[in-house]
There are 2 protein chains.
Amino acid sequence: MKKQESPVGVKEIARRANVSIGTVDRVLNNRTGVSASTKEKILEIIKELDYQPNVIARRLASKKVLRIASLIPSSSRETGYWEAPLNGIKQAADEIRAFGVVVDHYFFNQNDKKTFTKKAKEILRTDYDGVLLAPMFEQEAQAFVAKCAEKQIPYVLINSDLKDSDRVCYIGPDLHKSGYLAAHLTKYLLPPQSAVLIVNISREMDQHHHLLVKEEGFRAYFKNHHADVNIVKTDIREPDYESIQAELKKLFRKHQFDVVFVSNSRVFTVARYFEEQKISGIKLIGYDFLPENIAYLQKNVIDFLICQKPQEQGYKGITSLYQHLVLQTAIEKEQFMPIDIITAENYQYYRN
Amino acid sequence: MKKQESPVGVKEIARRANVSIGTVDRVLNNRTGVSASTKEKILEIIKELDYQPNVIARRLASKKVLRIASLIPSSSRETGYWEAPLNGIKQAADEIRAFGVVVDHYFFNQNDKKTFTKKAKEILRTDYDGVLLAPMFEQEAQAFVAKCAEKQIPYVLINSDLKDSDRVCYIGPDLHKSGYLAAHLTKYLLPPQSAVLIVNISREMDQHHHLLVKEEGFRAYFKNHHADVNIVKTDIREPDYESIQAELKKLFRKHQFDVVFVSNSRVFTVARYFEEQKISGIKLIGYDFLPENIAYLQKNVIDFLICQKPQEQGYKGITSLYQHLVLQTAIEKEQFMPIDIITAENYQYYRN
DNA sequence: GTTAAATTCGTGTACGTACACGGAGTTTAA
DNA sequence: TTAAACTCCGTGTACGTACACGAATTTAAC
């Protein structure tokens, strides 16, 4: 409940402590060369006045630029998912460029762990002030953030989290809940006593794990609601169309499904199969706002897409780092993205 | 494709033009005291160098604070809707306070035009640098923005737009599309040949107009899809529970509905009626993330809520004004909010 | 042609902080 | 005893822009 109408600066602090602004500056940037007693006194005054450093003047005076490295998957032909986070990162970078922050981009191949470690090493060599990371490969990512911690480099995680890491924050989905919601939607579309197919498509084990969490969420819903559904599931480890087609063909011969739930953005591949086989009447639910998926949404082959603001993940990742580094404000440690439902009617208004 | 690695400043411009930085400064802030010829020369050099003023230094040097006024409805007992935009406004205000911007809040009563005009007059008297406005009362708002234009005060509109106004931008929903989506959802929930009730609840004519646009969108969907549904609608002009109860009772005696669509946030009132009358099996769709609505969502009385990020509307309104005033960047003239679907499963992750 | 007024422009200071430099005082080493 | 080293701190300049003040030049008026 203090009046803080008059913004106090270093010189007011200096006046009250009977020292020069240089000394105050030294304790603020905790540099050496101040006796313990005066340092203490100054800190006390700073606290008492609730001194807020003028970030404007600070950035103006400091000629050194802050450097942030982002390390995320490259968007491949297989999935353009990472285009969106990258755009968010770029947008944030544009906005804070004027404040003396530059962002360098590093990309790795989702199907090749070596590219990850290589880029990680490069980043460590360059001594960045902050790192934005998509920790797709758990082991390797753990090793990387350990190195960052050692070098006192703050880092933010997006898209998936790492256990026990002291990141600045995590920004991304709650996978379990996301599958749970998908199940809820499914139930709206279903007659009682119907059959559901869960399709998990991914090559790398690390990624596959995410899908299994979603699947758990999906199953949990039906369990909690004592719904009588017959759930069949398949794990497809080769994401090319031929493999998927073969697998689906086999399954569709054996079963009669009412709903198909694809646990990631590859839903368009299944949609393609539906289209080619002229399958209709089966509801299709999947993930992510990709052009391919949207096309099938428009054609009513896909019924619902679940999306978790990939672009905002990138954007928030950078701005969180910026706030941590420049403004030094406290950051929410876990920022779960909203779970958005996209249909043929609202996709035009969706912003990632 | 220019190299713009080396940020040029006024003094580089001054050097090239053979004048002092003072003169350059004069043409930058187009003040008087510069001959036409030198002014032209300087402008040319500025363009050639693609000079970007240093916003940091600019705000530091300029001791004057920018003042923004926000004029929105107070959140009443009847509806807490405006709480969210207000929070967004406050959040944005916090973030840009450090940059020398202050935001003053003005509120009016949605049921009383006089309170609007009174506050508007106050704002005009105080000479603000920018205005954020929710133009609920069309005529009065038009008069207000005309005055703003006259005084060269830029303004941003949120929640609803004004025809032919030269606002900095409009931020809010596309009402028609929003009703259209509601209809789409409805169709998922419906057996063929079913009956739908549309409920519009609002006292003031101006507000009621918004609802009618949503209703149009709702009907348009069924028309476009040649769906065979029986639509009944009612306009309730007294938002208290008793009036609504009476009207619903009358309607439910006459008809058998499968879906009820309430065109604004008052859906909780209808939900209360459902609960009290132990009506179940009828799907209920409405608007806005209010505590009352969420409560009924949890109890599965309300099935879907449509929401258009009211908090973000406030937030973006302020930051747009900030970008216009301080950074002088170009602003997207029409920023339609995404149309979000909220269910019992994802509401916890919804952020306004 | 002289003076006043108007026009056009340069200089200096300020904004709040960062940081280099160096000075005064104290301790250590020779 | 004196030089050197170290501790602690004050001063000055710089960051890029805004703006007040006043100087130089041109124009107007008689």
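If you check the side chains of Y81(B) and N159(B), you find a donor sitting under 3.5 Å from an acceptor. One side chain, E95(A) or Y315(A), offers a donor N or O that lies under 3.5 Å from an acceptor on the other.
For the pair A57(B) and K39(B), both in contact range of DNA chain C, the more 5′-proximal nearest nucleotide belongs to K39(B).
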Below 3.5 Å between N/O atoms, which protein atoms pair up with nucleotides 5-8 of chain D? Just atom names and distances, please.
none

Pick out the pairs of N or O atoms, protein on one side and nucleotides 22-27 of chain D on the other, that lie under 3.5 Å.
none

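Taking CG of L162(B) as the reference point, atom CG of L133(B) lies at 7.0 Å (rounded to 0.5 Å).
By the side chain to side chain contact (heavy atoms under 4.5 Å, CB included) test, S74(B) is found to be paired with F107(B), residues two or more places apart in sequence or in another chain being considered. By the side chain to side chain contact (heavy atoms under 4.5 Å, CB included) test, Q311(A) is found to be paired with A84(A), N87(A), Q91(A), N352(A), residues two or more places apart in sequence or in another chain being considered. In terms of the side-chain hydrogen bond (donor to acceptor under 3.5 Å, both in side chains) criterion, residue partners of Y106(A) (sequence neighbours excluded) are, by chain and number, Y128(A). Partners of Y350(A) according to the ring pair (Phe, Tyr, Trp, His ring centres under 6.0 Å) rule, which considers only residues two or more places apart in sequence or in another chain, are F289(A). Annotation: side-chain hydrogen bond (donor to acceptor under 3.5 Å, both in side chains) contacts of Y322(B) (sequence neighbours excluded): none.
We find that R67(A) and D127(A) are not joined by a salt bridge, their nearest charged nitrogen and carboxylate oxygen being 4.0 Å or further apart.
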TODO: Could you walk me through whether E334(A) and D174(A) pass the side-chain contact (heavy atoms from CB on, under 4.5 Å) test, one step at a time?
DONE: CA-CA 10 Å; E334(A) 290 186 327; D174(A) 179 330; over 6 Å; no
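Within residues 15-25 of chain A, the residues having any heavy atom closer than 4.0 Å to DNA chain C are, in order of number, D25(A).
By the 6.0 Å contact criterion, NZ on K333(A) is enclosed, its count of non-hydrogen atoms from other residues, nucleotides or ligands being greater than 12.
Bracketed by its first and final contacts, the part of DNA chain C lying under 4.0 Å from non-hydrogen atoms of chain A reaches from dG16(C) to dC19(C) in 5' to 3' order.
For the pair K151(A) (side chain) and L124(A) (backbone), a donor-acceptor distance under 3.5 Å is present.
For residues 33-43 of chain A, the set of pairs meeting the side chain to side chain donor-acceptor pair (under 3.5 Å) definition, not counting sequence neighbours, comprises S35(A)-S37(A), S35(A)-T38(A).
Using a 30° and 60° split on the angle between ring planes, F108(A) and F137(A) fall in the tilted class, from 30° to 60°.
Between its opening and closing five pairs, the helix from dG1(C)-dC30(D) to dA30(C)-dT1(D) changes axis direction by 60°, a value rounded to 10 degrees.
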Show me the side-chain donor-acceptor pairs of residues 139-146 of chain B shorter than 3.5 Å, one per line, residues at least two apart or across chains.
| unit_1 | atom_1 | unit_2 | atom_2 | d |
| --- | --- | --- | --- | --- |
| Q142(B) | NE2 | K163(B) | O | 3.2 |

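As judged by a 4.0 angstrom heavy-atom cut-off over every strand, R31(A) is placed among the base-contacting residues.
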